[in-house]
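Heads up, the thing below is written out as structure tokens.
Lettering follows sequence order; numbering is per chain, from 1.
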Protein chains: 2
Amino acid sequence: MPTIRDVAARAQVSVATVSRVLNDSGYADSQTRARVLRAAADLNYQPNANWSRLKRQSSQTILFLLGNWPGIVMMHMRLLAACERILRGQGYDLVFARYDYARDSAPGDLTLPRMLAQSGAVDGVVLAGVHHENFLHLLDQRPLPYTMLGNSFSGPAAAQAHNCILYDDIGACAEAVAYLRRLGHRRIAFVGNVALPWFGRRYEGYRQAMQEAGLEPISVGDNWPMSGLDYGQLATAQLLRDGLAPTAILAGNDEIAAGLWRELSRRRYHLPHDMSLIGIGNRPEFGVLDPALTSISVFEDQLGERLASLLLERIRHPESAHASETYPCKLIERASCAPPSTPMPNALTIAARKKTP
Amino acid sequence: MPTIRDVAARAQVSVATVSRVLNDSGYADSQTRARVLRAAADLNYQPNANWSRLKRQSSQTILFLLGNWPGIVMMHMRLLAACERILRGQGYDLVFARYDYARDSAPGDLTLPRMLAQSGAVDGVVLAGVHHENFLHLLDQRPLPYTMLGNSFSGPAAAQAHNCILYDDIGACAEAVAYLRRLGHRRIAFVGNVALPWFGRRYEGYRQAMQEAGLEPISVGDNWPMSGLDYGQLATAQLLRDGLAPTAILAGNDEIAAGLWRELSRRRYHLPHDMSLIGIGNRPEFGVLDPALTSISVFEDQLGERLASLLLERIRHPESAHASETYPCKLIERASCAPPSTPMPNALTIAARKKTP
DNA sequence: CTGAAAGCGCTTACAG
DNA sequence: CTGAAAGCGCTTACAG
């Protein structure tokens, strides 16, 4: 790549003059100016990005760090895309990296991602996926601002007091329970592995709402070694076999809801009359479910945008501490919920349906 | 952030000595060495990333450029994740950026993404999404290696001779047609907007296979203003209303297949006997479809890995021109295809089913 | 074994 | 109006 020296040589001026012309700073004779511009164009000269990073002491780059997440989920992709949109508009680039680390390592034993092991590589970090206290501790020791999607942080709630963007899935689950109760349901189950932090939060919202209503929580499926569709399928079997007899199910996410939906359909349950079903996530890819799935939208696009814009605020005003912010979710009513049938369909009545062609 | 000067001052040595100790190059007295190490640790010193980028003339950064794609699809996320995995292993970082540009702008009128407008910001580019010739022309003028997922390139095939990774969706569509023919189908429809480059390629594979078999191509849905589920739904209506009477449908992607599946189910078609259905993409989120969707896997993870590794080869050996590489797809047989019923169910027989509860 | 100095590409006071 | 020089943070021959 040509450097400013090449341009200076070709235009037969000093590098200082080239710099002045190209940056429109200071005086320049119009002929000199023309020579410089032509030389720069001829050589297809582009200023070196790394110089300005070194000079400005700012890389104009943000790191999106997806922590401890083996697969890929749409939620993260949408957060990433939303961050990128905001940051690009503000002249920042976005680096995507994954980072897996043990939750129980001492902070000193953690091997930081390459971009964080150096200084000056990034101006700030957005934390998505699952993160643990040991890593946050390490981050806190550096003059590097970060923001975090708080819902899947595994540590104590106190660590979420600052820098976090949260969505109110706890409140949304309570709302879902209230909605199902208004429809007349009393036997409402929750399906999700509560050992995982985000399902744990959701279960908590559900449990509290049930308790306040004087209803008995029903839940299955801690620490099963699968997820998504298969998880939903196994949960269906368990809920029906164990005689728990729910008339409505709140699934920990849409994928589990889809698994429940598939298995219930196979067993000839007619939704929503034989069973009401609510998902969480409002994922468009599950629009294929019929009747359409009632689900809780968490508005990831806005969360991603806010993660980015809050980070930029912190970068620009490092002194001001930013309290965490919690955003509401919304129950999107579709067609998968209805009042419970009377009498409640049981295994026998359902089995009878299988006889008819 | 502390610099090497701060460390040198604290250890009471020159910056050269600090550099030698920290990089383990050259001799150093063990006491001096200890003083330097302690000073660096005390100050939590990290070398400045931008200096080494400037010095090495390499940013160790790759740009993943998602072109002209308004939404977010899993395919791109998987490609991105696969690239990141390979690149991280090789000491490179990955920047994610989107880039929308008009296909008919002159190359000179294009505003390049920030990272490409500067020199030295990235060492190479992976092109995903949709790209056009004008932009490639601009890229070709620079000493910046790139690789491209060729299937959604909108320009002439000749421009795909180098630097491209392709998946053989043309061959896969021909294979799908052959498979359906073996099952006994003759009226096989294709559903997808062939005006889009990737659907155009897939249609071409389908059309050729049909022609060679002496069968008449059946297709609907050019340039409808929607996509995915809704597209599949409208296509179903059109295929059935217009008396095209297919017994099998090859969908341009899994989402369209899901839309067809949903609408056919609503109309009381029993899959696979009333209609066989094949998708493209083999997306796990459509695992909820029952009977399970037969689909063509394009192995995005391998494509993403190869996009990254080929790019690294090009960076390391800039002189050698790399021919494009095409990778096979695979038809994953599940339960959505069967021999056509005899007699073929028509609108009347299907309508009769709706009468029975 | 250690320090002074040059240099990566560029900008910006400072002379002339 | 233009050039020589210092400096961003660091490494690496080159002296001593």
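- Atom CG of L54(B) is separated from atom P of dG7(D) by 18 Å (rounded to the nearest Å).
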Protein heavy-atom contacts under 4.0 Å, written 5' to 3' over nucleotides 10-16 of chain D as B (base), S (sugar-phosphate only) or - (none), form the string BBBB---
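- By the salt bridge (charged side-chain N to carboxylate O under 4.0 Å, His left out) test, R33(B) pairs with D24(B), sequence neighbours left out.
- R33(A) places its CZ atom 11 Å from the P atom of dT2(D), with the value rounded to the nearest Å.
- Y101(A) and F135(A) have tilted rings, their planes meeting at an angle from 30° to 60° on a 0 to 90° scale.
- Applying the salt bridge (charged side-chain N to carboxylate O under 4.0 Å, His left out) test to every pair with at least one member in residues 49-71 of chain A, sequence neighbours left out, gives no pairs at all.
- For R5(A), the salt bridge (charged side-chain N to carboxylate O under 4.0 Å, His left out) criterion is met by no residue, not counting sequence neighbours.
- Every residue two or more places apart in sequence or in another chain that forms a salt bridge (charged side-chain N to carboxylate O under 4.0 Å, His left out) with E313(B) is listed here: R306(B).
- For the pair Q31(B) CD and dT2(C) C1', the computed distance is 15 Å after rounding to whole Å.
- Between the C1' atom of dC8(D) and the CD atom of Q57(A) lies a distance of 7 Å, rounded to the nearest Å.
- The list of ring-ring contact (aromatic ring centres under 6.0 Å, His included) pairs with a residue in residues 71-94 of chain B, not counting sequence neighbours, reads W69(B)-H76(B).
- Spacing of P atoms, dA4(C) relative to dG7(D), comes out at 15 Å, to the nearest Å.
- Annotation: side-chain contact (heavy atoms from CB on, under 4.5 Å) contacts of N44(B) (sequence neighbours excluded): Q46(B).
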Pair assignment for DNA chain C - dot-bracket with | for other-strand partners, Watson-Crick or G-U under 3.5 Å
|||.||||||||.|||
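- Sequence neighbours left out, the pairs with a member in residues 42-51 of chain A that pass salt bridge (charged side-chain N to carboxylate O under 4.0 Å, His left out) are R10(A)-D42(A).
- The distance between atom CD of Q12(A) and atom P of dT2(D), rounded to the nearest whole Å, is 13 Å.
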